[in-house]
> 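Sharing a structure, written as structure tokens. Questions coming.
One-based numbering, in listed order, for ligands and for the atoms of each.
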Amino acid sequence: MQLYNKLSAKERAALIEEAGEDRLTLSFYAYAKIGNPELFRNYLFIAWDQMGVLGRIYVAHEGINAQLSVPAQNFDTFKKFLDEIYFLENVRLNIAIEHDAKAFLKLKVKVRKKIVSDGLNDASFDVTNRGIHVDAEKFNALLEDPDTVLVDMRNHYESEIGHFRGAITPDVDTFRDSLPIIEEDLKDYKEDKNLVMYCTGGIRCEKASAYYKHKGFKKVFQLEGGIIEYARQVEKQKLENKFIGKNFVFDHRRSERISEDVIAHCHQCGKPCDTHVNCANEACHLLFIQCEDCAMEMNNCCSEDCMKTNSLPYEAQKELRKGKGNSNKIFKKGRSKFLKYKS
Ligand SMILES: [Zn+2]
Ligand SMILES: [Zn+2]
């Protein structure tokens with residue numbers, strides 16, 4: 001039985017283009033005790049492959065975290081399938097506001113130690129003792145309260161292109177790094193302030209809110225379904241939108257525009273821009289913000305060095321990379337001494 005993809009990403013892209021079918025982009029997660037993640041993984045792969053699901057799904061002993069797209073006509077089958085798994089019955093699906101048939105090109109279901117890639121390895125607190133979930137309307141009301149401290153639980157390259165007005169946006173590279181920093185900054189607020197947090201789809205706040213409660217914060221709230229669900233509710237219920245800019249997402253779209261404001265700058269020339277790209281030099285692959293003019297001028301590269309490397313024939317580039325290890329393992333996001341305008 002076929003348990004992995006046999007089509008390449010390119011072949012998939014061509015297939016989707018041809019089919020021209022509408023796909024829904026969505027994400028969900030659940031903490032649950034999964035006895036045999038490998039078995040569960042295979043079960044999901046077989047079923048979802050048949051439904052034409054594409055995406056990136058992490059399965060671990062602690063639960064599941066899924067970002068995926070489903071052909072619209074198979075959505076009901078997909079939903080029914082989820083509802084038949086006891087810990088996924090009625091799981092909240094975060095549906096993207098913009099759909100892109102090419103958001104995902106393959107179905108990848110991976111067994112991991114943790115379901116959040118830069119998550120905590122801390123068994124000292126109870127993850128289920130989390131903060132109070134609030135919807136968009138309650139969240140907006142909380143932001144009006146002068147006793148509220150709002151914290152963005154995402155990383156620097158995410159909040160750089162979009163965040164809630166007035167949020168604290170820690171300058172961190174990973175979720176793990178952010179927790180102690182925020183705790184130190186907010187230590188005087190444990191008793192009486194509302195600690196309100198948000199992230200992309202809500203999963204990081206599940207753990208973060210439990211962590212801060214464990215650390216003695218009394219009033220902890222989290223935006224249910226994260227920015228993705230907030231944007232949907234704001235649109236549907238005609239609420240005031242307090243999010244400015246773009247929501248960074250972890251698929252080929254890279255972001256969803258939530259408001260027309262452009263709050264970031266091209267890292268090379270400094271003009272307003274909020275388009276993330278990866279450096280065209282495969283060995284670098286740096287994630288950074290680049291405007292169209294700079295992309296032209298720099299051949300989609302982050303630096304003169306990368307331009308030079310990238311202009312070499314492929315074989316010569318491969319030769320240069322030899323012995324330097326896998327560049328993706330040292331994947332650096334949005335930080336480089338060559339980027340003049342990265343604050
Ligand atoms: Zn520029
Ligand atoms: Zn580069």
> Are there any protein N/O/S atoms under 2.8 Å from the Zn ion (ligand 1), and if so, which?
Cys266 SG, Cys269 SG, Cys291 SG, Cys294 SG
> Taking the six-membered ring of Phe164 as reference, does the NZ or CZ atom of Lys242 fall below 6.0 Å from its centre and within a 45° cone about the axis?
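No.
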> Sorted by chain and residue number, which protein N/O/S atoms are under 2.8 Å from the Zn ion (ligand 2)?
Cys279 SG, Cys284 SG, Cys302 SG, Cys306 SG
> Taking the basic N atoms (NZ, or NE/NH1/NH2) and the acidic carboxylate oxygens, is any pair closer than 4.0 Å for Lys219 and Asp147?
no
> Hey, are Asn278 and Arg254 close enough side-chain-wise for a donor-acceptor pair under 3.5 Å?
yes
> Can you sort out the partners of Ser209 under side chain to side chain donor-acceptor pair (under 3.5 Å), two or more places apart, ordered by chain and number?
Gln222
> Answer yes if the side chains of Glu206 and Tyr29 hold a donor-acceptor pair under 3.5 Å, and no otherwise.
yes
> Over 60° means perpendicular and under 30° means parallel, so classify the ring planes of Trp48 and Phe78, tilted if in between.
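Ring orientation of Phe78 relative to Trp48: tilted.
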> What about Tyr212 and Leu186, same hydrophobic cluster or not, with Ile/Leu/Val/Met/Phe/Trp/Tyr joined at side-chain heavy-atom distances under 4.5 Å?
yes
> Once side chain to side chain contact (heavy atoms under 4.5 Å, CB included) is applied, do any residues pair with Ala264, and if so which ones, sequence neighbours excluded?
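Per chain and number, Ala264 pairs via side chain to side chain contact (heavy atoms under 4.5 Å, CB included) with Glu160, Ile161, Asp274, Ile289.
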> Between Glu89 and Lys80, does at least one N-O distance fall below 4.0 Å, as a salt bridge requires?
no
